[in-house]
Amino acid sequence: MPVTAGPALHAVLLFLLELGLLGAAGFWALTLFSSPWAAVVAVIVVAAGWGLLLSPKAPARPPWPWHAVAAHVLFVLGAVVLFAVGQPLIAAVYLALILVSVALTVVYRDRVGRATERIRESAAPSGRRAAGR
């Protein structure tokens with residue numbers, strides 16, 4: 001496996017965990033309220049919160065180590081929700097993937113930190129408008 005395949009696979013895993021979090025929120029709301037609209041609202045709320053706080057170009061994104069901690073805490077919360085609504089097998093698989101992601105985050109922490117800073121710098125305004133001219 002090439003050296004660059006690890007971080008790319010980790011990024012794919014993180015994306016799948018994000019989708020799992022959305023699915024867990026929707027399944028929880030559907031189970032609790034027995035309404036597909038509740039599931040839609042739950043998914044929209046979680047997606048909006050993720051977009052505002054944890055997405056790569058989020059306006060209020062925490063700095064590197066805290067971003068990874070917050071994301072993985074939310075993923076674990078999603079696993080807990082799956083256990084709570086009676087899906088222990090899905091929750092166990094999801095939790096195993098979270099543990100793999102934590103391990104990969106530790107292994108690739110330097111690369112992820114540098115990539116995060118590059119994304120943040122590229123999102124910063126530049127040119128004449130940024131200079132106030």
Side-chain angles (χ1 to χ4, degrees):
M1 177 163 50
V3 176
T4 58
L9 289 175
H10 185 223
V12 170
L13 176 60
L14 285 171
F15 179 68
L16 292 175
L17 289 173
E18 292 171 25
L19 292 179
L21 179 63
L22 292 174
F27 193 72
W28 168 80
L30 185 63
T31 304
L32 189 65
F33 299 109
S34 300
S35 168
W37 290 109
V40 169
V41 169
V43 168
I44 289 173
V45 167
V46 171
W50 188 275
L52 290 173
L53 298 172
L54 296 172
S55 70
K57 293 188 179 181
R61 185 177 178 150
W64 149 240
W66 300 113
H67 168 265
V69 169
H72 285 91
V73 165
L74 284 176
F75 296 151
V76 170
L77 186 62
V80 169
V81 164
L82 288 170
F83 272 117
V85 296
Q87 297 297 323
L89 181 61
I90 296 172
V93 170
Y94 188 59
L95 195 56
L97 291 174
I98 294 167
L99 293 175
V100 170
S101 176
V102 168
L104 290 174
T105 299
V106 169
V107 168
Y108 297 118
R109 66 182 173 265
D110 293 333
R111 289 183 184 190
V112 173
R114 285 191 303 260
T116 302
E117 290 306 316
R118 271 188 260 126
I119 290 171
R120 185 170 288 190
E121 289 169 4
S122 70
S126 60
R128 281 187 268 170
R129 284 188 178 165
R133 295 182 187 172

Side-chain donor-acceptor contacts of residues 79-93 below 3.5 Å, not counting sequence neighbours, with atom names and distances?
none

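- Side chain of Arg61 to main chain of His67: no donor-acceptor pair is present (N/O by atom type, distance under 3.5 Å, no hydrogens or angles).
- Residues Ala68 and Thr105 come closest through the heavy atom pair CB-CG2, 4.0 Å.
- Tyr108 places no side-chain N or O within 3.5 Å of a backbone atom of His10 that could act as its donor or acceptor partner.
- To the nearest 0.5 Å, the span separating CG on Leu74 from CG on Leu54 amounts to 6.0 Å.
- For residues 68-78, the side-chain hydrogen bond (donor to acceptor under 3.5 Å, both in side chains) pairs, not counting sequence neighbours, are His72-Ser101.
- By the criterion of side-chain heavy atoms lying less than 4.5 angstrom apart, applied directly or through intervening Ile, Leu, Val, Met, Phe, Trp or Tyr residues, Val69 is not grouped with Val46; the two fall into different hydrophobic clusters.
- The hydrophobic side chain of Leu99 is isolated, with no ILVMFWY side chain under 4.5 Å apart from it.
- Between the CG atom in Leu17 and the CG atom in Leu22 there is a gap of 11.0 Å [rounded to 0.5 Å].
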Which donor-acceptor pairs under 3.5 Å do side chains of residues 37-44 form with protein atoms, sequence neighbours excluded?
none

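- With ring centers used as reference points, Phe15 lies 6.0 Å or more from Trp50.
- Linking Ile, Leu, Val, Met, Phe, Trp and Tyr residues whenever their side-chain heavy atoms come within less than 4.5 Å leaves Val73 and Val102 in two separate clusters.
- For the atom pair Phe27 CZ and Thr31 OG1, the distance stands at 4.0 Å (nearest 0.5 Å).
- Among residues two or more places apart in sequence or in another chain, the side chain to side chain contact (heavy atoms under 4.5 Å, CB included) test is passed with Val107 by none.
- Here the side chains of Leu16 and Leu97 are not in contact, with every heavy-atom distance at 4.5 Å or above.
- Under the 4.5 Å side-chain criterion, counting only non-hydrogen atoms from C-beta, Pro59 is in contact with Leu52.
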(request) For Leu21 and Tyr94, run side chain to side chain contact (heavy atoms under 4.5 Å, CB included): C-alpha distance rounded to whole Å, both residues' side-chain angles, the deciding distance at 0.1 Å, then the answer. (result) CA-CA 9 Å; Leu21 179 63; Tyr94 188 59; 3.6 Å; yes

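- In terms of hydrophobic clustering, with Ile, Leu, Val, Met, Phe, Trp and Tyr side chains grouped at heavy-atom distances under 4.5 Å, Val100 and Phe75 are assigned to a common cluster.
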